[in-house]
Amino acid sequence: MECKQNANTKTCNCTYAGCPRRGICCDCLSYHLAKRQLPACCFSADAERTYDRSFAHFARQVNDGQR
């Protein structure tokens, strides 16, 4: 499968500009899951800016109706 990095980068909401995985979704997902986290695209823009990508933070967003 061909990576669609250029297209993915246009919609990536990660605010860490220097991220080497930006737009490479499979690498991003693998990286964050290994750290017991979710990638930026799972969070709202406001929540992503906190850099708290934990499962607990995601669950709080879901419970609060934000996701």
Side-chain angles (χ1 to χ4, degrees):
M1 177 186 280
E2 183 180 335
C3 182
K4 298 177 182 176
Q5 183 178 9
N6 290 334
N8 295 340
T9 300
K10 292 175 186 172
T11 60
C12 181
N13 69 325
C14 177
T15 56
Y16 180 53
C19 179
R21 293 168 291 280
R22 188 170 181 83
I24 308 171
C25 300
C26 56
D27 288 353
C28 179
L29 187 58
S30 294
Y31 173 82
H32 285 288
L33 288 177
K35 295 174 136 281
R36 300 186 47 80
Q37 300 174 341
L38 292 169
C41 57
C42 293
F43 295 95
S44 66
D46 288 339
E48 191 281 329
R49 284 186 202 95
T50 69
Y51 292 107
D52 180 356
R53 303 211 178 127
S54 66
F55 294 132
H57 188 207
F58 180 77
R60 285 191 302 273
Q61 280 205 294
V62 170
N63 285 337
D64 292 344
Q66 297 174 10
R67 277 274 157 245

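Here, residue 1 is the first one in the sequence, and each next residue gets the next number.
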Tyr16: side-chain contact (heavy atoms from CB on, under 4.5 Å) partners, not counting sequence neighbours: Cys14, Cys19, Tyr51
Contacts of Ala56 that satisfy side-chain contact (heavy atoms from CB on, under 4.5 Å) - sequence neighbours left out: Ser54, Arg60
Within residues 4-13 or reaching into it, pairs that qualify as side chain to side chain donor-acceptor pair (under 3.5 Å) - sequence neighbours excluded: none
side-chain contact (heavy atoms from CB on, under 4.5 Å) partners for Ser44, two or more places apart: Asp46, Ala47, Gln61
Would you mind writing out the side-chain donor-acceptor pairs for residues 25-42 within the sub-3.5 Å range, not counting sequence neighbours?
unit_1 : atom_1 : unit_2 : atom_2 : d
Ser30  : OG     : Cys26  : O      : 3.0
His32  : ND1    : Gln37  : OE1    : 2.7

For His57, ring pair (Phe, Tyr, Trp, His ring centres under 6.0 Å) partners two or more places apart: Phe43
